[in-house]
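Report on the structure given below.
In what follows, chains carry the letters A, B, and so on, assigned in the order in which the sequence lines appear, proteins first and then strands, with residues in each chain numbered from 1.
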Protein chains: 2
Amino acid sequence: MNVTALEEYGLRCAVQLASLPEGTTLSAPEIAEREGLSIEYVSKFMLLLKRAELVRTVRGIKGGFALSRQPAEISLKEVLDALNGRKKSGSEFCKSFTGKSDACVRFGSCSIRPFWDLLSGYVEEFTSRMTLADLIRPEEEIRDKTRSIASDHVGQMRKGELRS
Amino acid sequence: MNVTALEEYGLRCAVQLASLPEGTTLSAPEIAEREGLSIEYVSKFMLLLKRAELVRTVRGIKGGFALSRQPAEISLKEVLDALNGRKKSGSEFCKSFTGKSDACVRFGSCSIRPFWDLLSGYVEEFTSRMTLADLIRPEEEIRDKTRSIASDHVGQMRKGELRS
DNA sequence: TTGAAACAATACTTTTTTGTACGGATTTTA
DNA sequence: TAAAATCCGTACAAAAAAGTATTGTTTCAA
């Protein structure tokens, strides 16, 4: 379970836009400069974000990019989904097989799928509730939040729901 | 954030071994048959699991594979780590950059890293507590468990730790 | 002892992901 | 109107992941 390059870099670019003053735009060269990426690569991300209608563009000289909505109204899930094209989540794992079989061998009785389902379900839930606005606060602030959430959750698990 | 093919298929093969009667082994051709994978591909996974000492092997005719410990003593994290070689977790994201810069541009003040840290931290926590024994129960049973864990966690998030 | 069936290991091919290059379209400004 | 700076889009190259092929070693059993 890895974070893809598109997710990582694309999210960074989106966060750059989130910290932008209202009404202003940021050009691809500027974003590239700030993030230490090539202009062409940044353009690729921004095109994806634009097609998902998360970003609006201004063409021509003095043009650039801006978020099409308020940072607090854009969830990280929306951003990540836009960058990933279409990630296979939930029960789409069942379509993964190789030549020999026509369908997943485990059809009917599968304990692995619910496991992946929970994990990806959690990721979706979490990224749905986090917004770009959350990512432009100072590091310590967000770190405290995430830490407390994590410990709460671990506490729930320790209560014995899992191992039993 | 995607599940890799190695994780998916390798875990399936490990589960096949987990449901094996004590003292018996399962050969690569047999595993391949049961999972609908090629023998060569299965061999690749098993080699990784063997090198991580999660699996013991018997060579020669009538040989095969078996778990080197009890299913309940092998966490899914161990299995997934063995299959992934070395996945970049936690703050290793900071080492991801391209040509222009020598280090992550965001060094010192980064709100994205804590976000990824929490997410991957959760995944690690969860996969550490799940074992192969959990994956050989009937589907409904594990589904109920995972569902309740997830709802507990969402409840915690709803309490307002995240959005503030 | 010899052949068959299995693991062991590495090399190879194919596919996907990652990242770059380049030509065209749009808008501002001089 | 023309040049400059920008977005737009696709095509291309490089790297990594996925999956296959092959050769060698071990063990059992006839």
Item to check | Between P of C:dA8 and NZ of B:Lys50, the distance in whole Å | outcome: 4 Å
Checklist entry - Which residue lies toward the 5' end of DNA chain C, A:Leu6 or B:Pro29, if each is placed at its nearest nucleotide? => result B:Pro29
Item to check | Length of the CD1-P vector between B:Ile61 and C:dT2, whole Å | outcome: 17 Å
Checklist entry - Between B:Asn2 (CG) and C:dT18 (C1'), how many Å, whole number? => result 14 Å
Item to check | Within-4.5 Å side-chain heavy-atom neighbours: B:Leu119 and A:Val3 | outcome: no
Next on the checklist: Taking 4.0 Å as the cut-off, does a side-chain nitrogen or oxygen of B:Ser38 come that near to OP1 or OP2 on D:dG19?
Outcome noted: no
Checklist entry - How long is the line joining CZ of A:Phe45 and C1' of D:dC7, in whole Å? => result 16 Å
Item to check | Short N-O contact, B:Glu8 and B:Arg12, less than 4.0 angstrom | outcome: yes
Item to check | Pairing of A:Lys44 and A:Glu40 as salt bridge, 4.0 angstrom limit | outcome: no
Checklist entry - Just how far, in rounded Å, is P of C:dA8 from CE of B:Met46? => result 9 Å
Checklist entry - Rounding to a whole Å, what distance do you find between B:Leu47:CG and D:dG24:P? => result 18 Å
Item to check | Length of the NZ-C1' vector between A:Lys44 and D:dA11, whole Å | outcome: 11 Å
Checklist entry - Counting any heavy atom closer than 4.0 Å, what does B:Arg51 reach on the DNA or RNA strands: base, sugar-phosphate only, or nothing? => result sugar-phosphate
Checklist entry - Quick one: ring-ring contact (aromatic ring centres under 6.0 Å, His included) pairs with a partner in residues 42-69 of chain B, sequence neighbours left out? => result B:Tyr41-B:Phe45
Checklist entry - Starting at the 5' end of DNA chain D and moving along, which residue's nearest nucleotide shows up first, B:Glu40 or B:Arg59? => result B:Glu40
Checklist entry - Are A:Tyr41 and C:dT20 close enough that a side-chain N or O sits under 4.0 Å from OP1 or OP2? => result no
Checklist entry - Closer than 4.0 Å, any side-chain N/O of B:Thr57 to the OP1 or OP2 of C:dA6? => result no
Checklist outcome for this item: Rounded to whole Å, the CG-P distance (A:Leu48 to C:dT18) equals 12 Å
Checklist entry - What does B:Thr4 touch in the nucleic acid at a heavy-atom separation under 4.0 angstrom: a base, only the sugar-phosphate, or nothing? => result sugar-phosphate
Checklist entry - Should the pair A:Glu125-A:Arg129 be classified as a salt bridge under the 4.0 Å nitrogen-to-oxygen rule? => result yes
